[in-house]
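Residue numbers run from 1 in the order of the sequence given. Counting starts at 1 for both ligands and their atoms, following the listed order.
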Amino acid sequence: MEASSAAQTYAQMIRTAFAAYQARFHVITRRARERFATRDWHGMRADATERLMLYREVIDRTEQRIRQRVGDRLHDKALWRHIRTAYSRCIADRPDAELAETFFNSVTRRIFNTVGVDPRIEFVTTDSDDSSARASITHVFEHPASTAAFAHDLLEACALSGPFRAPSADARRMARFIDRALTAQGQTGPLRRAEVLRPVFYRGIGAYLVGCLQVGDTMVPLAVAVHNHPEGMAVDAVLLDEDAISILFSFARSYFHVDTHHPNALVRFLKRILPRKRIAELYIAIGYNKHGKTELYRDLLHHFSTTTDRFVQAPGQRGMVMTVFTMASYDMVFKVIKDRFDPPKTTTRRDVKERYRLVFQHDRAGRLVDAQEFEHLRLSRRLFSDDLLETLLNVAGSTVHLDDHRVIIDHCYVERRVTPLDLFVRTQDEADARAALLEYGDAIKDLIRTNIFPGDLLLKNFGVTRHGRVVFYDYDELGFVTDYDFRRKPKAQTHLEEMSAEAWFYVGPDDVFPEEFQVTMGVSDALMEAFVEAHGELFTAEYWTDVKTRIQEGAILPILPYPPRKRLPHRRKIPPDALTTPAYAHG
Ligand SMILES: Nc1ncnc2c1ncn2[C@@H]1O[C@H](COP(=O)(O)OP(=O)(O)O)[C@@H](O)[C@H]1O
Ligand SMILES: [Mg+2]
């Protein structure tokens, strides 16, 4: 075959594989509407897992096929330059061209095991801009007669399939809530216009309508949470501020299922209402995590090329398994698995990676930090202080290498930086420390409800986000609640037993004694007292066992991604658990 026609053929192969990936992605994503309508929460969960595995599966197969077809010329870079050019032409008019480029990169990086980035065979920057599609992805409501009229029209126009139980009453309540919240925000102008994304955002038991309001001259972001009760759908909550919607889109939550053929336009719209979120995070939030990673990579290289700042060890206690660095001017951390783990850690590198994978596939509940896995990262030597570099080479020499003026990192996780909770509690004033500690209890409870036992509950493994939320980031001891036995410590019968330093009763490898958590917290008496008052049950085996039993019985214990005060007043009395209970009757 002549070079250009061969290139054309291979480019077509990759394009076809990408199209097939997107087709399957859309099929799974579109199911969310039906799952929500039929309250099939287990099905929704299975879909989420299936979609998370899809990319790797398709890339594996594509790589294999390409290897077979291209044969001897597999590593011929000149050929790949032609393939890249041909590919570029055949994806140009796709509205998701930027995702197609990332897909191509995934294939070539596999084949070449590329270190750093090779711009001859990869797409480095994208000029994809599908913003002209904006009109087609939003509903616009011009000059609504009243907030109630807008709310009414929105519920009627939105693409939720099932009927609302009481649409007029919901619209009225929603309008009252919005008017009150806007007044409280000092927004007194008229509601001139609203623009709401047509695709519905589904996740867990929730469906969300996302958009913005123009109130007077101000833009106010909007998210409307809808639940489906046995009696029909109902608006549960309305979010009207950037912080609340940012928390809904948090990097510690699982990805939304949003059916759109214009991801670029959708992400740009989201960026307008959430200007502090990176483009990368927004792609990730809608399930295009691989492309999000591409965007993140571009963002970090751009930052590093424009700063004189240097990497430092991440503040907080040094890890026994991970060595972690960050940069003051960049809010991400880089986590490298150490060559050897400090005792008493007995885990292996493979096991650590397995836990990060588990977290990737599991419901993150707003409490587990999402990590992007990078391979063959190449960074300029000048970004590293001598001290840090020495440490990295010392404790992770099998992963970190020095090559001329570059530092090569064979494998690392990149994730959002938070303030380690132990540092936070020590350095903030009493009121903030107390609030964070109570959040920590809530975080543990949310994790338990999603069947996650963090393993290592020490404060140093949790962090505080810029919104004051507490999240967990140390995964090497994480497991499923249902795999453990939560036991009460038996009372010592004899003096000898009591004096014994070793446990005198049998302790199995899966035994956990919640009473012991108390000892390891290491906070002041006053803080401990506040914690026990709010979350004392966490120190009892009964609490853990109760949740464990409910999970084993097949219950889904939902977590609302907003505080109760954001719920419409008549919804506040409905506990989240009721939302998944078929027998629940409306009060
Ligand atoms: N996302 C993060 N944000 C800020 N600091 C972090 C983050 N992840 C880890 N760290 C810092 O790195 C240290 C070690 O990381 P950790 O994930 O706890 O690994 P290890 O299993 O080795 O303890 C933590 O104690 C903390 O100081
Ligand atoms: Mg740790």
For Met320, the ligand 1 atoms whose distance to one of its heavy atoms is below 4.0 Å: 20 (P), 22 (O), 23 (O)
Location of contacts on [X] toward ligand 1, heavy atoms closer than 4.0 Å:
X      : result
Val333 : side chain
Val324 : side chain
Arg417 : both

Carboxylate-amine/guanidinium proximity below 4.0 Å for Arg109 and Asp118: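 So Arg109 does not pair with Asp118 through a salt bridge.
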Atom NZ of Lys290: over 12 foreign heavy atoms under 6.0 Å: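 Open.
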Can an N or O of [X] be found at a distance shorter than 3.5 Å from an N or O of ligand 1?
X      : result
Glu415 : yes
Tyr356 : no
Lys345 : no
Arg318 : no

Heavy-atom nearest option to atom 3 (N) of ligand 1, drawn from Leu423, Val418, Leu459: Val418
Option with minimal heavy-atom separation from atom 6 (C) of ligand 1, where the choices are Phe334, Tyr475, Tyr473: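 Closest candidate by heavy-atom distance is Tyr473.
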Would you call the rings of [X] and [Y] parallel, tilted or perpendicular, where under 30° means parallel and over 60° means perpendicular?
X      : Y      : answer
Phe249 : Phe256 : tilted
Phe480 : His362 : tilted
Phe462 : Phe472 : tilted
Tyr413 : His411 : perpendicular

Sub-4.5 Å side-chain heavy-atom contact between Phe531 and Tyr440: yes
Lys/Arg cation over aromatic Phe374: Lys293, 6.0 Å, 45° cone: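 Yes - Lys293 lies over the ring of Phe374, closer than 6.0 Å to its centre and within 45° of its axis.
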Closest heavy-atom pair and its distance - Thr326, Arg417: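 Closest heavy-atom pair between Thr326 and Arg417: OG1-NH1, 2.8 Å.
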N, O or S of Tyr473 under 2.8 Å from the Mg ion (ligand 2):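 Of the N, O and S atoms in Tyr473, none lies under 2.8 Å from the Mg ion (ligand 2), which means no.
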Ligand 1 contact by Lys338, heavy-atom criterion under 4.0 angstrom: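 Contact absent.
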Proximity flag Asn461 to ligand 1, non-hydrogen atoms under 4.0 Å: yes
Angle in degrees, rounded to 10°, that OD2 of Asp474 and OD1 of Asn461 form at the Mg ion (ligand 2):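 Taking the Mg ion (ligand 2) as the apex, I get 80° for this pair.
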